[in-house]
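A note on names: the letters A, B, ... follow the listed sequences, proteins ahead of strands, and every chain is numbered from 1. Heavy atoms only: backbone and side chains are in, while hydrogens, waters and symmetry mates are out.
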2 protein chains.
Amino acid sequence: MENMNIKKLAKELNLSVSTVSKALHDSYEIKAETKEKVLALAKQLNYQPNPFASSLRRNSSKTIAVVIPEIAHNFFSLVINGIESIAEELKYHVLIYITHEIPEKEEQIIRHLLNGRVDGILISSSGSSNNNAHYHELVQKGIPFVFFDRANFDIDAPRVTTDDYQAGFQATEHLIKSQCKHFAFLSLSSQMSAINHRKDGFLAALKQYQIQPDHIHIIEAGTDETLSFQIIRDSLQPLPESMGIFSSVEKLAIQTYHICKEINIRIPKQLKIISFSNLPTAALLNPALSTLTQPAFSIGKEAALLLFQSIKNKGKIQPITTLPNVVLKSTLFIRESTKI
Amino acid sequence: MENMNIKKLAKELNLSVSTVSKALHDSYEIKAETKEKVLALAKQLNYQPNPFASSLRRNSSKTIAVVIPEIAHNFFSLVINGIESIAEELKYHVLIYITHEIPEKEEQIIRHLLNGRVDGILISSSGSSNNNAHYHELVQKGIPFVFFDRANFDIDAPRVTTDDYQAGFQATEHLIKSQCKHFAFLSLSSQMSAINHRKDGFLAALKQYQIQPDHIHIIEAGTDETLSFQIIRDSLQPLPESMGIFSSVEKLAIQTYHICKEINIRIPKQLKIISFSNLPTAALLNPALSTLTQPAFSIGKEAALLLFQSIKNKGKIQPITTLPNVVLKSTLFIRESTKI
DNA sequence: GAAGAGTACGAAAACGATTTCGTAATTAAA
DNA sequence: TTTAATTACGAAATCGTTTTCGTACTCTTC
């Protein structure tokens with residue numbers, strides 16, 4: 001009585017195990033009457049198939065993994081929401097793995113997932129581009145995966161990203177038109193694709209408007225919180241005249257706000273700042289933060305859709321087509337933090 | 001070559017499958033030399049045991065589920081971080097399920113998990129207290145679970161909560177001492193344990209300070225965004241004199257900020273507000289938001305620890321002891337939004 | 001009415017691990 | 001030297017499904 005299984009169900013019905021299994025899967029081999037009986041008793045006895053037996057036999061787990069640098073982050077939470085919306089619909093399960101921005105951790109996670117625990121993986125890379133071995137192993141094992149936001153462009157895998165270059169250009173242009181004289185790009189690391197594209201857009205805009213190179217500052221704050229605070233603080237003392245900051249990630253913009261409060265820098269008077277961000281409170285900050293906002297939910301949805309398509313096509317001959325490379329648009333919200 | 005398994009490994013080593021399995025599990029039956037050989041070849045051929053075969057046989061999945069109302073929420077993200085920190089250490093996998101605050105969805109998820117896919121479940125309930133059947137089924141099936149933050153107090157399961165009553169009292173007392181005359185409690189629903197405890201603390205404080213009943217407002221905003229905006233807006237027009245709002249959740253406080261901005265209510269001059277919140281930008285808002293902040297990461301950690309303890313003790317005779325009921329303290333941060 | 005097709009089911013072999021039980025070979029004890 | 005115990009391994013059952021293959025039986029069709 002403890003656990004219902006197909007064998008007990010079959011015995012109860014005076015049918016064979018195979019017949020019951022087929023009936024439960026609505027096989028054409030089984031006549032309607034029998035199916036009904038089986039379904040009825042299964043429901044009555046609350047039978048639920050053992051997922052591991054099923055996965056073992058079918059060699060598919062109905063599970064995907066999401067590998068992200070961090071979760072306490074509006075962007076990634078929203079992406080997960082998008083992913084979940086699709087997974088839920090397709091009755092897939094979602095495993096979450098957090099790398100804490102540590103490339104080795106990511107490697108370890110991906111390597112573990114080679115064992116077949118999941119049917120596919122959604123990755124926002126924490127790694128530097130010089131370590132791709134684990135991705136290649138995924139390819140070799142035939143495990144579908146899709147990059148989102150932070151992709152590795154050396155790997156042939158579907159990608160869902162945003163128009164980072166254009167957005168970077170646009171944000172910087174906005175700073176220039178807001179009469180900034182000095183320009184700083186706040187970056188986590190120079191190893192992340194999305195962030196580098198933002199930087200390229202930043203530099204391109206400055207070049208187009210012929211900003212002198214010594215008015216251009218690249219600040220690599222890194223992923224350690226205490227350290228990045230220090231680095232940002234140092235780079236704002238002394239404060240260059242008419243400073244305009246383009247922060248590539250929300251976290252660094254928030255840190256900058258804290259620092260400005262601490263050392264009495266007035267935004268937007270002395271310093272203007274715009275940031276990539278999905279903060280729901282951006283408009284409520286003091287001053288309201290100008291943002292480039294990524295369609296995080298859609299990114300999650302699109303990435304999941306690509307992954308499930310990939311899973312579905314697995315084994316079949318792939319048409320020789322270009323790799324899916326979805327690029328979504330970010331939206332510029334101009335607020336007080338960049339007011340003239 | 002495609003997929004390594006224990007059979008191929010055994011053949012390669014001229015050993016039996018059982019010997020290899022035992023060697024891999026460091027069984028005393030196998031001599032050191034053999035173990036070394038097995039380990040070496042396993043590593044070389046990159047052998048990884050099939051998790052489903054293993055789970056099927058051992059009847060344990062090394063996986064837990066986290067069932068939460070929503071994920072794009074600072075509190076829950078931080079909790080997940082805490083959970084992950086423990087799960088990662090114990091080499092457990094974490095499945096995420098989102099109920100979107102829909103009790104039926106939660107039921108459906110929990111019912112699905114009765115099939116043994118996970119070894120245990122961490123739940124922050126979305127349900128009303130009048131539907132407990134699915135929890136009882138978990139108990140009956142012997143699947144360990146732990147409530148966090150939003151518990152169901154009718155169910156005998158370990159809980160990790162915060163001192164909601166005291167915090168509610170404290171927050172309200174603070175509003176009273178900030179010379180508010182009217183008091184409003186902003187609630188999602190009257191069915192959630194944690195929120196009701198906060199309300200009880202709110203009411204108790206008002207009673208102790210002999211606030212007239214007609215100066216006390218309970219606003220149930222619900223979980224629908226558009227609707228809750230409307231409800232809050234309506235309750236602020238006309239604005240009672242010296243209004244003090246205690247928001248039971250972050251989201252409603254943010255909505256209130258937006259509404260105040262929209263209809264030109266000055267915080268803290270015309271309206272003071274304090275909220276439960278884990279917003280990293282609380283101090284940067286205009287004005288800075290006074291908060292009660294829950295130790296979200298610790299809640300996740302403690303809940304996970306309780307769950308793993310529960311999983312470990314499963315099957316063993318439980319000592320007749322009181323149920324684990326961890327209560328953590330929230331911290332009050334007084335900021336400008338409640339300034340006199 | 002014989003051959004072929006279709007229907008509805010069952011027996012048994014997978015899937016890949018773990019675990020129980022049995023047993024040769026060696027060592028220790030009597 | 002015999003017996004008992006220990007060591008180190010292997011055969012086979014098992015976990016609960018799914019799926020292949022086989023086969024009675026009925027129904028057409030000529």
Side-chain angles (χ1 to χ4, degrees), chain A residues 1-39 41-42 45-63 112 114-119 141-142 315, chain B residues 1-39 41-42 45-63 112 114-119 141-142 315:
Chain A
M1 211 59 213
E2 178 56 70
N3 268 321
M4 208 51 210
N5 61 30
I6 208 173
K7 222 178 280 179
K8 293 185 198 166
L9 203 57
K11 182 172 286 177
E12 199 78 23
L13 286 155
N14 270 328
L15 286 170
S16 76
V17 168
S18 32
T19 303
V20 174
S21 175
K22 286 171 192 165
L24 290 171
H25 289 90
D26 201 23
S27 159
Y28 70 96
E29 289 184 40
I30 309 299
K31 72 173 168 198
E33 197 192 321
T34 310
K35 282 181 192 170
E36 280 169 30
K37 269 192 224 162
V38 172
L39 268 300
L41 192 69
L45 299 185
N46 203 18
Y47 166 73
Q48 285 189 268
N50 181 311
F52 304 118
S54 180
S55 289
L56 174 60
R57 182 59 231 245
R58 301 188 104 135
N59 198 25
S60 101
S61 59
K62 287 291 232 173
T63 305
H112 174 89
L114 290 168
N115 68 6
R117 184 178 289 274
V118 296
D119 296 345
K141 269 265 182 176
Chain B
M1 212 61 211
E2 177 56 71
N3 268 321
M4 207 52 213
N5 61 31
I6 207 171
K7 222 179 281 181
K8 294 186 198 164
L9 202 58
K11 184 173 284 177
E12 199 78 24
L13 286 157
N14 270 327
L15 286 171
S16 77
V17 168
S18 31
T19 303
V20 174
S21 175
K22 286 172 192 165
L24 290 171
H25 290 90
D26 200 22
S27 158
Y28 70 96
E29 289 184 42
I30 309 299
K31 72 173 168 198
E33 198 190 320
T34 309
K35 281 181 192 170
E36 281 169 29
K37 270 192 224 160
V38 173
L39 269 299
L41 193 69
L45 298 184
N46 203 17
Y47 166 73
Q48 286 188 268
N50 180 310
F52 305 119
S54 180
S55 288
L56 175 58
R57 182 60 232 243
R58 300 187 107 136
N59 198 25
S60 101
S61 59
K62 286 293 230 172
T63 305
H112 174 89
L114 289 169
N115 67 6
R117 184 179 289 275
V118 296
D119 296 345
K141 268 265 183 178

Atom-pair distance (CZ on A/R117; C1' on C/dA17), nearest Å: 13 Å
Here the distance between atom P of C/dA17 and atom NZ of B/K8, to the nearest Å, is 10 Å
Are any of the side-chain heavy atoms of A/D26 and A/K35 separated by less than 4.5 Å? yes
How many whole angstroms separate atom CG of B/D26 from atom P of C/dT18? 13 Å
Under 4.5 Å between any side-chain heavy atoms of B/N46 and B/M4, yes or no? no
Between D/dT17, C/dT19, C/dG16, which nucleotide has the shortest distance from any of its atoms to the side chain of A/A53? D/dT17
What is the distance from CZ of A/F52 to P of D/dT14, rounded to the nearest Å? 22 Å
Below 4.5 Å, heavy atoms only, C-beta onward: do A/L24 and A/Y47 meet side chain to side chain? yes
Which whole-number value in Å describes the distance from A/R57 CZ to D/dT19 P? 6 Å
Whole-Å distance separating the NZ atom of A/K11 from the P atom of C/dC9: 20 Å
Between B/R58 and B/V20, just flag the one whose closest nucleotide in DNA chain D comes earlier from the 5' side. B/V20
Could you tell me whether the side chain of A/K141 reaches within less than 4.5 Å of the side chain of B/N3, counting heavy atoms only? yes
Whole angstrom value for the distance that separates P of C/dC9 from CD of A/E33: 8 Å
Contacts under 3.5 Å, N or O only, protein and nucleotides 6-9 of chain D:
unit_1: D/dC9; atom_1: OP1; unit_2: B/T34; atom_2: OG1; d: 2.9
unit_1: D/dC9; atom_1: OP2; unit_2: B/K31; atom_2: N; d: 3.2
unit_1: D/dC9; atom_1: OP2; unit_2: B/T34; atom_2: OG1; d: 3.1
unit_1: D/dC9; atom_1: N4; unit_2: B/E29; atom_2: OE1; d: 2.5

Going by heavy atoms in the side chains, are B/R117 and B/H112 under 4.5 Å from each other? yes
State, with a plain yes or no, whether a side-chain heavy atom of A/K22 is found less than 4.5 Å away from one of A/T19. no
Is B/N50 close to A/N115 at the side-chain level, that is, under 4.5 Å between some pair of heavy atoms? no
Nearest to the side chain of A/S18, heavy atoms from C-beta on, is which of C/dG10, C/dT18, C/dA13? C/dG10
Rounded to the nearest angstrom, tell me the gap between atom CG in B/N5 and atom P in C/dT18. 12 Å
